[in-house]
Each structure stands twice: as C-alpha cells, then as structure tokens.
Novice: 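Let me give you the structure first, and then I'll get to my questions.
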Amino acid sequence: MDAMEEELKCPVCGSLFKEPIILPCSHNVCLACARNIIVQTPEGETPPQNRCSSDYDYLDMDKMSMYSETDSGYGSYTPCLKSPNGVRVFPPALVHRHCSITCPLCHRSVSLEERGLRGLQRNRLLEAIVSRYQQSRTASVKCQLCDRNPVDATVMCEQCDVFYCAPCQQRCHPSRGPLAKHRLLPPAPAQAGTASARRQASCVDHEAENYGMYCVSCKTPVCYQCLEEGKHGKHDVKPLAAMWKQHKCQLSQALNGVSDKAKEAKEFLVQLKNLLQQIQENGVEFEACLVAQCDSLIEALIRQKAKLLTKVTKEKESKLKTVKDQITHCTMKLRQTTGMMEFCLEVIKENDPSGFLQISDALIKRVLVSQEQWVKGALEPKVCPEFALTVNTDPLMQSILQLDFTQNKAETSTVLPAPLLQLEKCCMRNNSATLAWRITTMLSIFTLHLVGFFPLSLSISYNARVKAYNSAGVGAYSKVVVLKTSDVAWFTFDPTSAHRDIVLSNENQTVTCNSYDDRVVLGTAAFSKGVHYWELSVDRYDNHPDPAFGVARINTMKDMMLGKDDKAWAMYVDNNRSWFMHNNSHTNRAEGGITKGSTVGILLDLTKHTLTFFINKQHHGPVAFENLEGVFMPAVSLNRNVQVTLITGLEVPKSIM
C-alpha cells in the first residue's frame with residue numbers, strides 16, 4: 001500500500017484526497033483545493049489554454065468560493081504559489097465574471113459552466129479507496145453503533161456492511177429471524193470503506209436520481225432524467241452495468257500487460273542487486289590480485305637491490321683491498337728507502353776517503369735504483385674513490401609510470417586505427433626529435449599519449465610517421481610530419497651527471513666548483529656525426545689553476561682532471577702553457593695560456609674524426625686528437641679557482657675551416 005500512497009495524494013496540498021473531484025483532463029484534486037486554484041478573469045477575457053466560451057456568473061459561486069456574494073465587486077491579485085509537493089497553484093483572485101480552473105499537473109485550463117465546481121463529478125471511487133487506505137493503517141476498526149466511546153468491533157455483517165462490537169451485535173443484530181441468514185465476518189480494516197463504494201452514486205444534475213446509463217460520447221454516467229431532457233438524445237448511450245463490465249475488462253487486460261512489465265522490472269531489480277554484490281566481490285578479489293602483483297614486483301625489486309648491493313660490496317672490498325695492498329707496499333718501500341737514506345747520510349759523515357770509495361759506487365747504484373722505483377705512476381692511487389658502476393633506472397621508472405591495465409578482449413580484437421599526431425607537441429631540439437601522438441580505440445575506451453625521442457643529424461629535414469599495433473595486427477600509418485633539425489647545437493651543462501662538488505648557475509650555462517680538486521661536468525648534447533664548435537668564456541681565474549676543456553664519454557671519471565682516464569680527450573692549460581691529455585698521457589706542450597676574459601674554443605669534426613682547440617679565436621697547437629669514433633659529449637674539469645660560461649649555438653668560423 002505504501003507504493004500506492006502517491007496515487008492517493010492531492011497534487012495541490014500534498015495530502016490524501018478529501019472529497020476528490022475529477023477535472024476535465026481526468027486528473028483529481030480535493031474540492032477545497034479546487035476552490036483555491038480557481039482563477040477569475042475580467043469580463044470578455046478568455047482564460048489561457050483550451051478555454052470554453054461559456055460565461056460564469058459570480059453570484060452562483062456561493063457554494064464553491066470562500067468569498068460571499070458581497071465580494072463580487074472586490075478584486076485582488078495574488079502571485080502563484082507552490083503546493084507542498086512542488087506543483088504550482090494559483091490562489092483565487094477576486095475579479096469580475098468569467099471563471100476557469102487550471103490543472104496543477106498538466107496545466108490545462110478550462111472554463112467552468114454555470115454550476116461551477118458543482119458541475120464537476122465527485123470521484124467517489126477514489127474517495128472509497130482513500131478511506132480504505134486510511135483505515136488499513138489504523139490498529140483496529142471501531143464499532144459503528146456505540147453511542148459514546150466506541151470500542152473495537154468484533155464482527156462485520158457482510159450484508160449490512162456494519163461493524164459491531166459484541167454487546168451491540170447481540171442487541172442490534174441477533175442471529176435469529178431474518179438476520180440469521182446474514183454472514184458475520186471478523187472485522188478487517190480494508191472492509192471499512194466498502195459501504196460507500198457500494199452505494200450507487202446520484203446524478204450531479206438530478207440529485208434524486210441514480211446513475212443508470214453511460215454516455216459514450218460524453219464519457220460520463222447519466223441518469224434517466226438526463227435522457228428524458230434530451231441533453232444526450234443523439235449520443236451513444238449504453239447501460240451503466242454493461243459499460244462497467246467492459247471497462248473493467250479493458251483495465252484488467254491493460255493491467256496484465258503492466259503486470260508483466262512490473263514482473264520484469266522486479267526481476268531486473270533482483271539482477272541489479274545481484275550485480276552490486278558481484279561487483280563488490282569482484283572488486284575485492286581484483287584489489288587483492290592487484291596488491292599481490294604489485295607486491296611481487298616490489299619483492300623482485302628488493303631481490304635485485306640485494307644483488308646490486310652485493311656487487312657494490314664486492315667492488316668496495318676490491319677497492320679497499322687494492323688500496324690497503326698499495327699502502328702496505330708503499331710503506332715497505334718507504335721504510336727501505338728511508339733506511340737507505342739514513343745509511344747514506346751516515347756514510348757521507350765519515351772522513352775515511354778510502355773506505356768511502358770502497359762502497360760509494362754500490363750506494364750510488366742503490367740510490368738510483370730506489371729512485372726509479374718511485375716513478376710517477378707509483379705515487380698515484382691504483383683505484384679511484386668513485387665507483388664505476390652505473391644503474392640506469394630510467395627505463396624501469398618509465399615502465400612503472402606507464403604501468404596500467406591492458407585492453408579487454410573487445411578492444412584487442414580490433415586493429416588499432418592510425419595514430420593522430422599532435423603537431424603542437426612535435427618539435428626538434430638540436431639533433432633530437434620529439435614526436436607526440438594519440439591513439440584512440442574504435443570503442444573510444446581509452447586514449448594513449450605517447451612521446452618518442454630519436455637522435456638525428458643536425459641541419460637535415462626528416463619525414464616522420466608512426467603506426468600502432470596490438471594482438472589483432474598492425475594498424476595504418478599516421479599522417480606525415482616534416483621536422484628539420486637545428487643548424488647548430490644548443491646545449492647547457494648537465495647537472496644530473498656532474499660531480500657533486502660542481503656548482504651551476506645562469507640556467508646551467510655557468511660552472512665553478514666547491515673543491516680545490518678538479519671536478520668534471522658534461523654537456524647535455526651528444527655528438528656522433530657532423531662538425532660542431534663551441535666556446536667557453538673564462539669569467540674568473542685565480543692562483544694559476546689548470547682547467548681542462550674537451551670531450552668525453554658519458555661514463556668518464558668525474559673526480560679527477562679531464563683526460564686522465566681513457567674516456568676523455570682534453571687540453572689542460574694554465575696562464576703560460578698547455579698540454580693535450582688522454583688516458584693520463586701528456587703530449588704537445590704549447591706556449592700561451594689563459595687569463596680572465598679569455599675564450600677557449602673546441603672544434604669537434606666527426607667527418608674528419610679530429611679534435612682541435614683554440615684560444616681567443618686562434619689555433620692553439622696542432623690537431624690535438626685524431627681517429628675519434630663513437631659518441632662524444634662536451635666536457636670541462638676545473639676547481640674552485642676557475643669559473644667559465646658555456647657559449648653554444650655557434651657556427652664554425654670560416655677562418656677555422
């Protein structure tokens with residue numbers, strides 16, 4: 001019954017219907033609410049929407065208006081209001097003559113006839129249903145014959161349609177005589193409203209007459225006096241009982257269809273509720289599976305970390321052992337040398353020439369041999385404190401960031417369409433191209449934003465296109481985009497690969513150092529072909545240090561002067577002279593040095609595979625290095641007494657070429 005309650009509420013007041021009347025549009029309102037939504041219009045003006053032209057005499061409104069006949073000359077306007085259930089209503093405005101009513105549901109307006117609201121039929125059936133509904137919600141049914149303080153009824157006479165308590169039933173409805181054949185039933189709240197429903201309704205126009213016929217044309221029940229007056233003389237009129245049964249049959253048939261749909265809706269609701277439970281269960285299961293997969297990845301990473309730490313430990317122990325062995329060996333030789341030196345000094349103190357000459361030749365040979373033991377390499381550490389181990393986590397990090405759910409079966413069964421190049425994100429920088437594209441599946445389920453980086457040659461135009469593939473096959477190519485690399489290289493110092501003592505500023509174009517020892521910093525560009533020229537301007541030069549300039553591999557040592565290992569090619573220079581150095585080999589000493597304000601130029605010609613240096617735009621020494629193959633990065637080493645600024649994007653001077 002609770003689901004039906006909305007059908008039993010007035011759209012104006014929001015409460016259960018009280019004396020409901022049927023509007024011409026077939027909707028219902030309470031009689032009192034109908035009086036409140038009547039609209040009076042000035043004489044000669046027709047009401048909005050489907051109005052009738054019949055006039056209404058305000059003096060006949062005595063039974064339907066809250067105003068008396070003496071109010072007929074009073075007029076006022078009240079704005080529209082909203083009923084408790086949100087429907088717009090229009091309170092009465094006292095104006096002259098014509099009167100109309102607007103349905104609060106469909107907003108259809110009709111003019112009332114001379115009888116006003118009395119001309120609208122009262123919905124007795126709805127009234128009976130409302131009565132039964134109200135009584136069904138009460139705890140019990142009261143006796144209808146108790147004069148004062150009615151008590152609960154114990155029986156209900158089916159023929160009399162009256163509820164009796166036990167004393168009233170014995171007194172007023174004894175089970176003898178003609179009443180013996182009446183059927184007494186236990187009282188039920190739903191039966192309390194059946195009496196009014198069984199009483200035959202009287203005609204609106206002829207209150208003394210009951211309805212007996214049904215006018216099919218007017219779709220309304222009529223009495224025999226209505227037929228005699230001729231108002232429905234030419235209309236199709238049928239017996240009320242026959243039409244009642246016919247319409248009941250039609251309603252039952254319509255209800256059967258709705259019942260089937262309602263049954264389907266109930267089954268669908270059960271399906272949705274089961275779906276909620278399945279989603280909840282599958283979600284928990286999927287979350288657990290995802291956590292297990294991620295935990296497995298984490299465990300694999302932890303195991304790999306342990307392996308890498310083991311390698312680092314072995315490398316550390318190896319370095320420590322080498323240094324300790326070198327310390328032991330150096331200590332032993334130093335002790336021997338010191339002892340020999342002390343002995344020689346004692347020999348020199350002696351005043352015996354013949355005795356001295358007897359042993360001097362042997363002592364001189366021992367001293368020379370000892371001196372040869374202390375060659376330059378012997379006084380250099382065999383290992384460096386830096387670890388030549390590099391872990392490239394970028395691919396793994398990129399894979400982790402791109403970790404996502406794979407496509408479902410519906411998606412993978414279709415070849416991916418041609419990617420859409422995002423031209424606003426495609427660009428060139430130096431000899432690297434950035435291509436950005438978007439792939440949208442045929443099902444429009446997801447969109448991928450991908451970026452590709454490709455090393456290219458400078459000053460060359462490239463045609464680029466991409467295509468996608470999945471398990472279903474290879475898709476079509478995208479449109480072609482033309483990209484031209486820069487004529488010259490633009491780059492800065494790379495803070496990510498620099499030694500920790502390096503200090504960068506000026507958007508990574510100026511470099512100095514915190515340490516008195518030489519430290520290395522690389523450039524962000526990598527060259528494998530072409531001719532490239534760049535310069536470094538000396539901003540500060542104190543105490544005659546030896547900064548080094550040149551090129552290096554990406555894995556060159558960063559804690560010593562550039563060129564001391566086999567992965568760097570450099571020129572180190574002071575205020576007077578310079579040397580070329582590779583793999584700790586010093587060659588080609590040249591006169592001429594640098595001061596504050598000097599510029600050092602580096603020419604890397606990978607067509608001739610040579611490296612040449614310049615100071616203040618002038619060739620400095622011969623070609624420094626030849627037969628250079630592979631990938632090279634600009635490099636500088638310096639200490640805290642030097643500061644230089646990188647100048648890139650330079651064309652090769654014609655004087656140099």
Side-chain angles (χ1 to χ4, degrees), residues 1 3-10 16-31 103 105-106 118-136 156-163 181-185 187-266:
M1 292 292 286
M4 187 183 67
E5 184 172 347
E6 293 300 320
E7 295 285 335
L8 307 181
K9 288 183 178 180
C10 173
L16 296 177
F17 283 109
K18 295 178 181 179
E19 297 181 322
I21 59 174
I22 306 175
L23 299 179
C25 59
S26 299
H27 292 127
N28 300 276
V29 294
C30 299
L31 178 59
C103 176
L105 293 177
C106 64
R118 289 180 298 172
L120 300 178
Q121 297 182 18
R122 185 171 174 180
N123 195 337
R124 299 182 183 276
L125 190 65
L126 177 58
E127 190 175 1
I129 294 174
V130 171
S131 178
R132 289 202 303 272
Y133 177 75
Q134 289 177 319
Q135 293 178 9
S136 67
M156 179 259 186
C157 178
E158 188 176 29
Q159 286 72 27
C160 300
D161 196 13
V162 176
F163 289 87
K181 297 181 180 181
H182 287 198
R183 184 181 179 187
L184 299 178
L185 301 174
Q191 297 170 339
T194 56
S196 59
R198 291 173 180 167
R199 299 191 191 99
Q200 197 165 359
S202 59
C203 179
V204 175
D205 297 324
H206 311 95
E207 296 181 357
E209 297 290 335
N210 293 330
Y211 289 125
M213 303 296 288
Y214 182 81
C215 178
V216 180
S217 302
C218 298
K219 295 184 179 181
T220 182
V222 295
C223 65
Y224 290 103
Q225 189 171 345
C226 292
L227 298 178
E228 291 177 358
E229 291 177 354
K231 185 176 180 180
H232 303 274
K234 297 182 180 181
H235 294 178
D236 184 10
V237 179
K238 293 185 178 181
L240 184 65
M243 292 302 298
W244 178 41
K245 292 181 180 180
Q246 179 182 340
H247 281 219
K248 269 194 172 184
C249 181
Q250 293 176 357
L251 181 59
S252 298
Q253 292 176 355
L255 283 176
N256 288 335
V258 175
S259 176
D260 293 340
K261 296 297 180 182
K263 183 178 179 181
E264 294 177 5
K266 289 181 180 179

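Since the model is a prediction, treat every value here as computed from it, not as a measurement.
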Novice: Show the nearest heavy-atom pair for residues V222 and Y214, with the distance to one decimal.
Specialist: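 Of all heavy-atom pairs spanning V222 and Y214, the closest is CG2-N, 4.4 Å.
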Novice: What is the minimum heavy-atom distance between V29 and C10, and which atoms define it?
Specialist: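 So the minimum-distance heavy-atom pair works out to CA-SG, 4.1 Å.
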Novice: How many angstroms lie between atom CG of L126 and atom OG of S131, to the nearest 0.5 angstrom?
Specialist: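 It comes to 11.0 Å.
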Novice: Find the distance between CZ (R183) and SG (C160) and round it off to the nearest 0.5 Å.
Specialist: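 Here the interatomic distance stands at 14.0 Å.
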Novice: Just verifying a value: how many Å separate L184 CG and Q159 CD, rounded to the nearest 0.5 Å?
Specialist: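 It is 8.0 Å, given to the nearest 0.5 Å.
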Novice: Donor-acceptor pairs under 3.5 angstrom involving side-chain atoms of residues 242-251: please list them, not counting sequence neighbours.
Specialist:
none

Novice: Drop me the distance from L23's CG to N28's CG, to the nearest 0.5 angstrom.
Specialist: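 Interatomic distance, L23 CG to N28 CG, rounded to 0.5 Å: 7.0 Å.
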Novice: To the closest 0.5 Å, what do you measure between NZ (K9) and CG (L16)?
Specialist: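 That separation rounds to 7.0 Å.
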Novice: Give the intermediate values and the outcome of side-chain contact (heavy atoms from CB on, under 4.5 Å) for residues H182 and E158.
Specialist: CA-CA 7 Å; H182 287 198; E158 188 176 29; over 6 Å; no
Novice: Can you tell me how far CG of N123 sits from CD1 of I22, rounded to the nearest 0.5 angstrom?
Specialist: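 Those atoms lie 4.0 Å apart.
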Novice: So, for S217 and D236, which heavy atoms are closest and what is the spacing to 0.1 Å?
Specialist: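 That closest heavy-atom pairing would be OG-N, 3.4 Å.
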Novice: Of the non-hydrogen atoms in E7 and F17, which two are nearest, and what is the gap between them?
Specialist: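 Taking E7 first and F17 second, the nearest heavy atoms are O-CE1, 3.7 Å.
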Novice: According to side chain to side chain donor-acceptor pair (under 3.5 Å), does anything in residues 18-27 pair up with another residue at least two apart or in another chain? List the pairs.
Specialist: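 For residues 18-27, and leaving out neighbouring residues, there are no side chain to side chain donor-acceptor pair (under 3.5 Å) pairs at all.
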